[in-house]
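Being a predicted model, the structure only gives us computed values, none of them experimental. Chain letters run A, B, ... following the sequence lines, proteins first and then strands; every chain starts at 1.
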2 protein chains.
Amino acid sequence: MPRAGLSWEKLIQAGAALADSEGFAALTLAALARQFDVKLASLYAHVRNSDDLKAGVALLALDLLAKWAESAVAGRAGKEAVVALAEAHRRFAGEHPGLFEAARFPLSAEQAAGSGGPRLARTMLAALRGYELSEADQVHAVRLLGSFFLGFSLLERSGSFAHSQPEPGQSWRRGLDALDVTFKNWKTT
Amino acid sequence: MPRAGLSWEKLIQAGAALADSEGFAALTLAALARQFDVKLASLYAHVRNSDDLKAGVALLALDLLAKWAESAVAGRAGKEAVVALAEAHRRFAGEHPGLFEAARFPLSAEQAAGSGGPRLARTMLAALRGYELSEADQVHAVRLLGSFFLGFSLLERSGSFAHSQPEPGQSWRRGLDALDVTFKNWKTT
DNA sequence: GCAAAAAACTAATATCATTAGGAAACCACT
DNA sequence: AGTGGTTTCCTAATGATATTAGTTTTTTGC
């Protein structure tokens, strides 16, 4: 019988798709083995263990998110850049729920350093260039922005906003307006 | 031989402690059975299944967080209330990492409705009473605040802030200052 | 075409979760 | 105190996932 032709990349790709369709919790070696019609143990030729697979998907998720962020910010500045960045985050959470969850899988220091995380941080810094903030304030602003993006997307997806009016999208835009004003008046506050 | 004297409450309590000390992922029926020196199957007299245990711990976590929030807000108003609420969240994440994670375990609609979640939301609304916001703006503000608390605590705990200066605590305070100003000037922005 | 490397397999072990059914402890009530 | 019923806990069996060791088979490079 011919080989299945697996590889690290194929497994991670399939794992990402599986996470998005079935949830990150459903991302198991056994499920992938079934999908490729291969015995479970065979996967160990390509992946160290289950956590290695999850870390791989996490790295892919961070890379993709960083990519989305980069193309959102490209060619924009000020509020326009911030809003585009925000939409990239929120759309990512909505269209790739599994990857969005995967992106919070704990990584080793080396893995994290080489991940899309730092790239994402740099992109967020770039988006804030139009606001004329000090070095330290830029970091504060990126953290504030990142916290809002992540927290809002999580709460929205978990249904925490589902039982109060008005619709979450309004709060989202209102929050972005507020952050824009905050960045514009940063020194004075 | 005498009985172990288990109960739903004891299991949930022990589960909460276990989650905090070993991580939410380590919260398993098998681990609790070992801890109480009881056979794994015996736990099914008190808990429907593994998810039931996790949901129970999640409910305890939300209750405790709501309690912390309530006592933080009690007797305070305006920025003082917001800051106290914020510190409650951040301390909770730091002192109860397992419960903080458990609080994001997906609950059924009925479970969520009876959880500390709605109480927490009401408490946050109360904390904003001093700012004179319209009904809808209060909701927007609560969502903005909640997103910041959750997102910041997550990113801080995950180490996302560890590789940039200044220290996260500064960004935290700076973010709260900014939110306070935002709420004060809400109508004008 | 052959030897080495890589990929896949079988087999064994461990942990966790779950259900079914039986035994023993506990409680309420006489 | 004894007895009946309820509840707790147990044993036993099954199935899913993960992991390692050792073996076979395919592929590939010379």
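Residues in residues 25-58 of chain A take part in no ring pair (Phe, Tyr, Trp, His ring centres under 6.0 Å) pair, two or more places apart or across chains.
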Sequence neighbours excluded and cut-off under 3.5 Å, please list the side-chain donor-acceptor pairs for residues 55-69 of chain A, or say none.
{"residue": "Asp63(A)", "atom": "OD1", "partner": "Gly116(A)", "partner atom": "N", "Å": "3.4"}
{"residue": "Asp63(A)", "atom": "OD1", "partner": "Arg119(A)", "partner atom": "NH1", "Å": "3.3"}

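Counting to the nearest Å, the C1' atom of dC16(C) and the CG atom of Asp52(B) are 17 Å from each other. Between the CG atom of Asp51(A) and the C1' atom of dA18(D) there is a distance of 11 Å, rounded to whole Å. The distance from atom CG of Leu43(B) to atom C1' of dT7(D) is 15 Å, rounded to the nearest whole Å. Rounded to whole Å, atom P of dT18(C) lies 5 Å from atom CG of Asn49(B). In this entry the distance linking CG of Leu32(B) with P of dC9(D) reads 13 Å, nearest Å. The CG atom of Leu27(B) sits 18 Å away from the P atom of dT15(C) (whole-angstrom rounding). If you take CZ of Phe36(B) and C1' of dT8(D), they are 14 Å apart, rounded to a whole angstrom.
Using modelled atom types, one finds a donor on one side chain and an acceptor on the other under 3.5 Å when comparing Glu87(A) with Trp172(A).
Listed by chain and residue number, Arg91(B) satisfy the salt bridge (Lys or Arg N to Asp or Glu O under 4.0 Å) test with Glu95(B) (two or more places apart in sequence, or in another chain).
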Check: protein-nucleotides 13-17 of chain D nitrogen or oxygen pairs below 3.5 Å:
{"residue": "dT17(D)", "atom": "OP1", "partner": "Arg34(A)", "partner atom": "NH2", "Å": "3.4"}
{"residue": "dT17(D)", "atom": "OP2", "partner": "Arg34(A)", "partner atom": "NH1", "Å": "2.9"}

Close N/O contacts between protein and nucleotides 6-8 of chain C (under 3.5 Å):
{"residue": "dA6(C)", "atom": "N3", "partner": "Arg3(A)", "partner atom": "NH2", "Å": "2.9"}
{"residue": "dA7(C)", "atom": "O4'", "partner": "Arg3(A)", "partner atom": "NE", "Å": "3.3"}
{"residue": "dA7(C)", "atom": "O4'", "partner": "Arg3(A)", "partner atom": "NH1", "Å": "2.6"}
{"residue": "dA7(C)", "atom": "O4'", "partner": "Arg3(A)", "partner atom": "NH2", "Å": "3.3"}
{"residue": "dA8(C)", "atom": "OP1", "partner": "Ala4(A)", "partner atom": "N", "Å": "2.7"}
{"residue": "dA8(C)", "atom": "OP1", "partner": "Gly5(A)", "partner atom": "N", "Å": "2.8"}
{"residue": "dA8(C)", "atom": "OP2", "partner": "His46(A)", "partner atom": "NE2", "Å": "2.8"}

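Note: His96(A) and Phe92(A) meet the aromatic proximity criterion, with ring centroids under 6.0 Å apart.
Within a 6.0 Å sphere centred on CD of Gln170(A), heavy atoms belonging to other residues, nucleotides or ligands number more than 12.
For the pair Arg76(B) (side chain) and Ala84(B) (backbone), a donor-acceptor distance under 3.5 Å is absent. Side chain of Ser153(B) to main chain of Leu150(B): no donor-acceptor pair is present (N/O by atom type, distance under 3.5 Å, no hydrogens or angles).
Ser164(A) OG to Glu135(B) CD: the interatomic distance, rounded to the nearest 0.5 Å, is 11.0 Å.
Non-hydrogen atoms lying under 4.0 Å from DNA chain D are contributed by nothing in residues 8-26 of chain B.
One finds a salt bridge joining Lys184(A) and Asp180(A) here, because a Lys/Arg side-chain nitrogen approaches an Asp/Glu carboxylate oxygen to under 4.0 Å.
Cation-pi contact between Arg143(B) and Phe161(A): present, with separation from the ring centre below 6.0 Å and deviation from the ring axis of at most 45°.
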